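As structure tokens, the structure follows; a few thoughts come after it.
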Protein chains: 2
Amino acid sequence: MVTMLEVRDVSTEACCAPLVRETITADEAERFARRLKALADPVRLRLVSIVAASAGQEACVCDLIEPVGLSQPTVSHHLKILTEAGFLSRSKRGTWAYYRLVPGALEAAAAPLLDA
Amino acid sequence: MVTMLEVRDVSTEACCAPLVRETITADEAERFARRLKALADPVRLRLVSIVAASAGQEACVCDLIEPVGLSQPTVSHHLKILTEAGFLSRSKRGTWAYYRLVPGALEAAAAPLLDA
DNA sequence: ACTCGATATTGACAACCATCGATATATCGC
DNA sequence: GCGATATATCGATGGTTGTCAATATCGAGT
């Protein structure tokens, strides 16, 4: 007769507010955090910004090294993280590797923050 | 007469696409990354979600420990990070500490991603 | 085939971070 | 004032991450 939402013992409930809607699951939080983590770095944000501001929303690695002022392996490393997270796509043409924004990826990553 | 955006030497420009608009500065990227980093953790995302789903968009620490299944010091630690980043506000009433969402903070954090 | 230039990968290292147990602080009821 | 309860802080620890130098890979031109 006591139960209904059987989450917590009512007798100890002196401070607690009930939930009025659903919360995200641990799995959803994990996935969402992984994407956010890929963006939560100043260098990677600048890389995304430069790619987004480039003609055709496309830039090769040689365009990106000098603006961020880091070594070439480090820039490659950040680009890999952004690509694996689904924010950039890579296409190699000749010796050069071109990175471009995946359409809608940034908006999709931001979406969960907006209906909170 | 050649200059206008004088960013790079044209003579070496074999692969490089020009910028068609402004990129974020290193400072902006740093600030933005700091805020994103506060959110880019599965536990903190769940804490924000629970607070947002609580009646009055307010929850005390005792509400948050059991759902995330971590120790009380760890939960306190995450709440501090979220508070210092401006996403939560703290108000102590009696023995209990109540955390609530700072209105508009999540939307403001997501905004830079939307006009990229 | 060989060399050169662009990019990716590897290995190492320092800095940072999430977590916990132990402890401190603060507030309430007696 | 004292014990009990809620929350915060401290110290330590294992894991993650950003960075670079060195090296590997791959394509283009000679």
Side-chain angles (χ1 to χ4, degrees), chain A residues 8-9 11-17 26 29-30 33-48 51 58-85 88-100, chain B residues 8-9 11-17 26 29-30 33-48 51 58-85 88-100:
Chain A
R8 215 171 294 110
D9 183 358
S11 64
T12 65
E13 200 163 54
C15 67
C16 305
E30 196 77 43
R34 231 192 315 268
R35 279 190 292 171
L36 281 184
K37 214 171 289 200
L39 287 176
D41 178 277
V43 174
R44 292 196 285 271
L45 287 174
R46 292 178 70 192
L47 290 173
V48 167
V51 170
E58 185 179 67
C60 73
V61 181
C62 65
D63 277 320
L64 302 168
I65 295 174
E66 185 235 27
V68 300
L70 293 176
S71 72
Q72 175 267 317
T74 300
V75 174
S76 257
H77 168 69
H78 286 304
L79 290 171
K80 184 179 187 179
I81 290 177
L82 287 169
T83 303
E84 286 175 345
L88 298 181
S89 65
R90 192 182 101 111
S91 67
K92 198 166 185 185
R93 291 203 295 276
T95 320
W96 296 285
Y98 292 86
Y99 287 86
R100 62 170 61 230
Chain B
R8 213 172 296 106
D9 183 0
S11 64
T12 65
E13 199 162 53
C15 66
C16 306
E30 195 77 43
R34 229 192 316 266
R35 279 191 293 171
L36 282 184
K37 212 169 290 199
L39 287 177
D41 177 276
V43 175
R44 292 196 285 271
L45 287 174
R46 293 178 70 195
L47 290 174
V48 167
V51 170
E58 184 179 68
C60 73
V61 182
C62 65
D63 278 320
L64 303 168
I65 295 175
E66 184 234 27
V68 300
L70 293 176
S71 73
Q72 173 267 318
T74 301
V75 173
S76 256
H77 167 69
H78 286 303
L79 289 171
K80 183 179 186 178
I81 290 178
L82 287 168
T83 302
E84 285 175 343
L88 297 182
S89 65
R90 191 182 101 112
S91 68
K92 198 168 184 184
R93 291 203 297 277
T95 318
W96 297 285
Y98 291 87
Y99 287 86
R100 61 170 60 230

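Order of the sequence lines sets the chain letters (A, B, ...), proteins ahead of strands, with each chain counted from 1. Only a predicted model underlies this, so the values are computations on that prediction, with no experimental measurement involved.
- Remark: Lys37(A) NZ to Leu39(A) CG distance equals 12.5 Å, nearest 0.5 Å.
- In the set dT19(C), dT9(D), dA8(D), the nucleotide with an atom closest to the side chain of His78(B) is dT19(C).
- Distance, Leu82(B) CG to dA8(D) C1': 16 Å, rounded to whole Å.
- Closest approach of Ala26(A) and Arg46(B) over heavy atoms only: CB-NH1, 3.7 Å.
- In this structure, Leu64(B) atom CG and dT19(C) atom C1' are separated by 17 Å, rounded to whole Å.
- Of the candidate nucleotides dT7(C), dT7(D), dT9(D), dT7(D) has the atom lying nearest to any side-chain atom of Trp96(B).
- In this structure, the side chains of Val43(A) and Leu47(A) come closer than 4.5 Å at one or more pairs of heavy atoms.
- Taking 4.0 angstrom as the limit, Lys92(A) places none of its side-chain polar atoms (N or O) nearer than this to OP1 or OP2 of dG27(D).
- The distance from atom CD1 of Ile65(A) to atom P of dG18(D) is 18 Å, rounded to the nearest whole Å.
- Counting only heavy atoms from C-beta on, Thr95(A) has its side chain closest to dG5(C) among dT19(C), dG5(C), dA8(D).
- Within the structure, a side-chain polar atom (N or O) of Arg90(B) is placed less than 4.0 Å from OP1 or OP2 of dA8(D).
- Candidate nucleotides dT7(C), dA18(C), dG18(D) were compared by shortest atom distance to the side chain of Asp41(A), and dG18(D) ranks first.
- Considering every non-hydrogen atom in both Ala40(B) and Ala40(A), the closest pair reads CB-CB, 4.2 Å.
- Along DNA chain C, the nucleotide nearest to Lys37(A) and the one nearest to Ala97(A) differ in position, and the one closer to the 5' end is contacted by Ala97(A).
- Rounded to whole Å, the distance from CD on Glu30(A) to P on dA18(C) is 12 Å.
- Helix-axis bend for the helix from dA1(C)-dT30(D) to dC30(C)-dG1(D): the local axis fitted to the five terminal pairs at one end deviates from that at the other end by 20°, rounded to 10°.
- Applying the 4.0 Å criterion to OP1 and OP2 of dA18(C), one finds that His77(B) has a side-chain N or O inside that range.
- Atom C1' of nucleotide dA8(D) and atom CD of Glu84(B) are separated by 12 Å, given to the nearest angstrom.
- Across all non-hydrogen atoms, the minimal contact from Tyr99(A) to Val61(A) is CE1-CG2, 3.7 Å.
- Cation-pi geometry between Arg93(B) and Tyr98(B) is satisfied (NZ or CZ under 6.0 Å from the ring centre, within 45° of the ring normal).
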For nucleotides 20-24 of chain C, give me every protein contact, N/O to N/O, under 3.5 Å, one pair per line with atom names.
residue: dC20(C); atom: OP2; partner: Ser71(B); partner atom: N; Å: 3.0
residue: dC20(C); atom: OP2; partner: Ser71(B); partner atom: OG; Å: 3.0
residue: dC20(C); atom: OP2; partner: Thr74(B); partner atom: OG1; Å: 2.8

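- The minimum heavy-atom distance between Thr74(B) and Ser71(B), with the atom names listed, is OG1-OG, 2.9 Å.
- Regarding contacts with the backbone of dG27(D), every side-chain N or O of Arg93(A) stays at 4.0 angstrom or more from both OP1 and OP2.
- Arg46(A) has its CZ atom 11 Å from the P atom of dT19(D), to the nearest Å.
- The nucleotide whose nearest atom lies closest to any side-chain atom of Val61(A) is, among dT9(D), dT19(C), dA8(C), dA8(C).
- Nearest heavy atom pair, residue Arg44(B) against residue Ala38(B), reads NE-O, 2.6 Å.
- For Thr95(B), the side-chain contact (heavy atoms from CB on, under 4.5 Å) criterion is met by no residue, not counting sequence neighbours.
- Smallest separation of non-hydrogen atoms from Leu45(B) and Ala29(A): CD1-O, 3.6 Å.
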